[in-house]
Asks: 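Please read through the structure below; I'll follow up with questions.
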Protein chains: 2
Amino acid sequence: MLATSPQTSARLPVSPALFGQMRAETLPALRPQVAPQNRMNFTDGQEIFAEGDDAAHVYEIVSGAVRTSKLLSDGRRQIDAFHLAGDIFGIELGAEHRFSADALGDVTLIVRRRVSFTARAGEDPAAARDLLTSTMRMLERAQDHLVLLGRKTAMEKVGSFLLSLMERSNGGDHLELPMSRLDIADHLGLTIETVSRTLMELQRKQAIEFAPCSRAIIVKNKGMLRRMAE
Amino acid sequence: MLATSPQTSARLPVSPALFGQMRAETLPALRPQVAPQNRMNFTDGQEIFAEGDDAAHVYEIVSGAVRTSKLLSDGRRQIDAFHLAGDIFGIELGAEHRFSADALGDVTLIVRRRVSFTARAGEDPAAARDLLTSTMRMLERAQDHLVLLGRKTAMEKVGSFLLSLMERSNGGDHLELPMSRLDIADHLGLTIETVSRTLMELQRKQAIEFAPCSRAIIVKNKGMLRRMAE
DNA sequence: CGTTGAGTTGAGCCGTCTCAATCCCGGTGG
DNA sequence: CCACCGGGATTGAGACGGCTCAACTCAACG
């Protein structure tokens, strides 16, 4: 690999799956061309599918976390969402995936064929309603995120992010962050440095505290966090 | 009215409906508590519903344009979408509207009761699929907009915006903008001044040209616009 | 004509980015 | 057990894109 370029900021060189395996397009055998309703495991950074891939499957997270992201031509990246246990992702209107999806740490997924998935929704009204509900939920999240990206300051972005992560993961005040600072930055429309500085600032203000592993955070003052989040 | 404050930027004083009528909550009679499948007309700036209102109806645009937006407590505004003829808006998962919606110029809407709307989707699979498709389409738009807000420069934002508006309105190279510069700014996460400067820059580069009314634009060089949009 | 509101333009500022150095920690090999 | 290494995270200094504030233009309207 030629690239000795930074790779630290939002400006990734090109390949979205540098850390993981080689790109799966080149290895169709690794693709989930498996029986319906099957489980699959992925490890940190591994690509689940790429932008432009045939959207033949739908995924549900059993355990672990997944990021879905889009790249601009020059490597700038936007992570549209982090998906946690119970979430469904990879549903598409068109034939292709409009995002790439990669594992954050170890992930176990249920993989379903898209055709059987949508067929069931076509027959069973309850399944159809579930699908609609899940889609609407994603839409609501995306809409809230629009406000964050368009109108909030760095401090408000990071604060809102931590709070929303607390809501979704049920670990009380203990927050296990499955993603790197770079991932957080690319989700919040910031740089890795600004994310780091802002978290440090929150620690200095006693709103949070770092657990020894530094990927984990303890929320000391949720009220203050909420005040800083907007 | 006491407020002499600027009101020009993203920092609106408080009321989301300054230009329009008084807030409709105070005038329930103006609310579309009308027979199902009814038409309603609105004029420029008029509020169709507000954030937090009971989400009892669903709206379809017959003609005109509508903006849906959210406000932060200090008045910063994010317009999540502009809706054009044929679009449906106001569908909610919960009991309340999560956005406010206002008319951009004269608008004619079809108003449907939410209950009859969702009931039909529960019975008729084709209606259910239409509803899902429409929701997914909104989700796709929102996701593309996340990339724009999180990772694009002012020039790229304005360029992308003009191009996407061209796709949706079918006026060829002639673009009739139904919204003000402030609306564009609050949609793109910019200020009114930056939007103005960027449009002027595009004109200087011969990519666009202003029609006499200045709310209308003629795209002279779509290729250049596309290049500037990313 | 004065007023009003939308849009444009200019000058200076500030929040975030960029670039670069350093720290920290877990893993590896001696 | 320790030295070394590499990648993620932190920290600092300076640059810059877009924001703020303010003046000005212009068209619509009474």
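Letters A, B, ... mirror the listed sequences (proteins, then strands); counts begin at 1. All heavy atoms count here, side chains included; hydrogens, waters and symmetry mates do not.
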Asks: Using whole Å, report how far CD of A:Glu201 lies from P of C:dG15.
Replies: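 A:Glu201 atom CD is separated from C:dG15 atom P by 12 Å.
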Asks: Within the pair A:Arg215 and D:dA9, is there a side-chain N or O less than 4.0 Å away from OP1 or OP2?
Replies: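 Yes.
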Asks: When rounded to the nearest 0.5 angstrom, what is the spacing between CZ in B:Arg215 and CD1 in B:Ile217?
Replies: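 Spacing of CZ (B:Arg215) from CD1 (B:Ile217) equals 11.0 Å.
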Asks: Quick one: is D:dC19 close enough that its OP1 or OP2 comes under 4.0 Å of any side-chain N or O from B:Thr191?
Replies: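 Yes, within the criterion.
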Asks: Tabulate protein N/O versus nucleotide N/O from nucleotides 8-11 of chain C, keeping only pairs under 3.5 Å, one per line.
Replies:
from, atom 1, to, atom 2, distance (Å)
C:dT8, OP1, B:Arg181, NH2, 3.3
C:dT8, OP2, B:Arg181, NE, 2.9
C:dT8, OP2, B:Ser196, OG, 2.7
C:dT8, O5', B:Ser196, OG, 3.0
C:dG10, N7, B:Arg197, NH1, 2.8
C:dG10, O6, B:Arg197, NH2, 3.3

Asks: Starting at CD1 of B:Ile208 and ending at P of C:dG7, how long is that distance when rounded to a whole Å?
Replies: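 In whole Å, C:dG7 P lies 14 Å from B:Ile208 CD1.
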Asks: What is the distance from CG of A:Asp74 to P of C:dT18, rounded to the nearest Å?
Replies: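 Result: 11 Å.
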Asks: Would you kindly give the CD-to-P distance between B:Glu156 and D:dG17, to the nearest whole Å?
Replies: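 After rounding, the gap between these two atoms is 12 Å.
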Asks: Would you kindly give the CG-to-P distance between B:Leu190 and C:dG7, to the nearest whole Å?
Replies: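 In whole Å, C:dG7 P lies 15 Å from B:Leu190 CG.
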Asks: Tell me: CD1 of B:Ile184 to C1' of C:dA6, nearest whole Å?
Replies: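 That distance rounds to 12 Å.
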Asks: Kindly write out the residues that satisfy ring pair (Phe, Tyr, Trp, His ring centres under 6.0 Å) with A:His83, not counting sequence neighbours, or none if the list is empty.
Replies: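 For A:His83 the ring pair (Phe, Tyr, Trp, His ring centres under 6.0 Å) partners, ignoring immediate neighbours, are A:Phe89.
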Asks: What is the distance from CG of A:Leu202 to P of D:dA9, rounded to the nearest Å?
Replies: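 So the two atoms are 16 Å apart, to the nearest Å.
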Asks: Please report the distance, rounded to the nearest Å, between CG in A:Leu188 and P in C:dG15.
Replies: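 Nearest whole value for this atom pair: 19 Å.
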Asks: Could you go through the salt bridge (Lys or Arg N to Asp or Glu O under 4.0 Å) check for B:Arg197 and B:Glu201 one step at a time?
Replies: CA-CA 6 Å; B:Arg197 275 186 257 265; B:Glu201 173 79 15; over 6 Å; no
Asks: We want to know whether A:Ser73 and B:Glu230 form a side-chain donor-acceptor pair, criterion being a heavy-atom distance below 3.5 angstrom.
Replies: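 Yes - a donor-acceptor pair under 3.5 Å links their side chains.
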Asks: Which atoms form the tightest heavy-atom contact between A:Leu163 and A:Arg226, and what is the distance?
Replies: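 Minimum heavy-atom separation between A:Leu163 and A:Arg226: CD1-CA, 3.7 Å.
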Asks: If you look at every heavy atom in A:Lys152 and B:Arg76, which pair is closest and at what distance?
Replies: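 Taking A:Lys152 first and B:Arg76 second, the nearest heavy atoms are CA-NH1, 3.9 Å.
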